[in-house]
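Single-structure report; data block below.
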Amino acid sequence: MKKQTFVLFIATIALACSVQAQPGRMSGPKFNGAIAKLFGDNTAFSADLEIHVAGEQDVTMPGKMAFDSGKSRFEMNLSDAKGSHMPPNVAERMKAMGMDQTVVISRPDAKVSYLVYPGLNAYAETPLQDSDAGKPDSAFKMETTELGKETLDGHACVKNKVIITDDEGKPHESTVWNASDLKKFPIKIEMNENGNATTMLFKNVKTSKPDAALFEPPQSYKKYDNQMSLMQQEMMKRMGGGGGMPPGHQ
């Protein structure tokens, strides 16, 4: 396999196997707009988060989440991902390339997002493509219907059907388990949009304000203007510039 083809192959795998808020874009879970409304008064928190997406790309991805007034950070490791459509040995290949650990930071206040690779000491800064970013809370109307009471992960919860309608009249329906002992924090959210059924399960929730530094890329990391440039250049460096393909890919 030629070097350029291999670089594009790796980039494609990285994009396809990451948890996505919108199909085709690596953006991590989306926590503004209609979804932010589900969290009520919980405007700052950190938690372990497991996301399961069922559909064309069936994948389960555990990670760590931090959120503060619209700003979000999601840390994930491809080695922990599970799914019927995961290519064989993808986690090993990503680890060998230094791309298995990924941090996605969303900054609606600055209208940018950061894709950070700690294993590469590099990140990409791109414009935040989200029509909901920066919209006021009043742009979303919420209707809640109680479905019952359940205990989930040791928390007494009220199970609700929630319909949030945006300022364009589009409804977003979810089933939410609000924990009574965590200021009604939605420790489980189920939704179905764009043909994908998505479940988010939160554990070890802390409602204290996360460190502000979590929402910035490390200053010592190399900055790139887009994801593809980062992937291509960093992979070329690890393959020795003009030669040196990894074993089995020559």
Side-chain angles (χ1 to χ4, degrees), residues 18-22 27-86 102-104 106 132 137 140-166 171-211 214:
S18 297
V19 174
Q20 300 175 20
Q22 297 176 0
S27 54
K30 184 180 177 182
F31 276 83
N32 50 36
I35 292 183
K37 190 81 172 177
L38 298 176
F39 289 83
D41 295 332
N42 296 287
T43 58
F45 66 87
S46 58
D48 295 332
L49 170 59
E50 180 179 283
I51 303 175
H52 177 245
V53 181
E56 292 184 4
Q57 294 184 5
D58 189 287
V59 63
T60 298
M61 174 65 76
K64 293 185 178 297
M65 183 80 197
F67 181 85
D68 185 8
S69 303
K71 297 177 288 186
S72 65
R73 173 190 176 99
F74 184 63
E75 303 177 28
M76 54 188 167
N77 191 321
L78 280 179
S79 299
D80 299 326
K82 299 177 182 178
S84 58
H85 295 283
M86 293 284 289
T102 308
V103 179
V104 184
S106 177
D132 286 346
D137 182 70
F140 304 91
K141 306 300 182 183
M142 184 166 71
E143 178 184 349
T144 302
T145 303
E146 183 174 329
L147 301 177
K149 293 180 170 62
E150 295 182 8
T151 298
L152 186 62
D153 194 33
H155 299 278
C157 298
V158 178
K159 181 180 179 181
N160 294 302
K161 181 177 80 170
V162 181
I163 299 177
I164 297 175
T165 305
D166 61 27
H172 305 266
E173 183 174 329
S174 305
T175 302
V176 181
W177 285 256
N178 297 100
S180 301
D181 60 337
L182 289 173
K183 298 193 301 182
K184 299 182 180 180
F185 189 94
I187 62 173
K188 183 178 180 180
I189 301 172
E190 293 181 348
M191 63 188 70
N192 194 327
E193 292 199 13
N194 300 315
N196 292 313
T198 302
T199 300
M200 293 187 285
L201 184 62
F202 296 85
K203 294 185 177 183
N204 301 318
V205 177
K206 298 178 181 178
T207 55
S208 55
K209 194 178 183 69
D211 189 337
L214 292 174

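Just so it is clear, the model here is predicted, and its values are computed rather than measured. No hydrogens, no waters, no symmetry mates; every other heavy atom, side chains included, goes into these values.
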Given the options Asp48, Asn204, Asn77, Lys64 meets side-chain hydrogen bond (donor to acceptor under 3.5 Å, both in side chains) only with Asp48
Is Glu143 salt-bridged to Lys141, cutoff N-O under 4.0 Å? no
Thr198 vs Ile51, side chain to side chain contact (heavy atoms under 4.5 Å, CB included): CA-CA, chis, key distance, verdict: CA-CA 7 Å; Thr198 302; Ile51 303 175; 4.0 Å; yes
Ignoring hydrogens and geometry, is there a side-chain-to-backbone donor-acceptor pair from Ser174 to Ile189 under 3.5 Å? no
Show the nearest heavy-atom pair for residues Leu201 and Lys188, with the distance to one decimal. CD1-CB, 4.0 Å
Exercise: identify the closest heavy-atom pair between His155 and Ala179: CB-CB, 4.0 Å
Minimum side-chain heavy-atom gap Leu78-Met61 below 4.5 Å: yes
What are the two closest non-hydrogen atoms of Pro186 and Leu38, and how far apart are they? CG-O, 3.7 Å
Glu190 and Thr199: which non-hydrogen atoms are nearest, and at how many Å? CG-OG1, 3.8 Å
Which distance, rounded to the nearest 0.5 Å, do you find between the CD of Glu173 and the OG1 of Thr165? 10.5 Å
Value rounded to 0.5 Å, distance of SG in Cys157 from CG in Asp181: 7.5 Å
Output for pair (Lys161 NZ, Thr144 OG1), nearest 0.5 Å, gives 10.5 Å
Here the gap from Leu49 atom CG to Met200 atom CE, rounded to the nearest 0.5 Å, amounts to 7.0 Å
Can a donor-acceptor pair be found, under 3.5 Å and without considering hydrogens, that links the side chain of Asn42 to the backbone of Lys183? yes
Is the CG atom of Asp41 crowded by more than 12 outside heavy atoms at less than 6.0 Å? no
Take the angle between the ring planes of Phe45 and Phe67 and call it parallel below 30°, perpendicular above 60°, tilted in between. parallel
Quick check against the 3.5 Å criterion: does Lys37 have a side-chain atom that pairs as donor or acceptor with the backbone of Phe140? yes
Spacing of CG belonging to Asn160 relative to OG1 belonging to Thr175, to within rounding of 0.5 Å: 9.0 Å
Check Phe202 against Val205 and note the closest heavy-atom contact, atom names and distance. CB-CG2, 4.0 Å
When rounded to the nearest 0.5 angstrom, what is the spacing between CG in Asn178 and CD in Glu146? 10.0 Å
Take Leu152 and Lys159 through the side chain to side chain contact (heavy atoms under 4.5 Å, CB included) test and state the conclusion after the steps. CA-CA 10 Å; Leu152 186 62; Lys159 181 180 179 181; over 6 Å; no
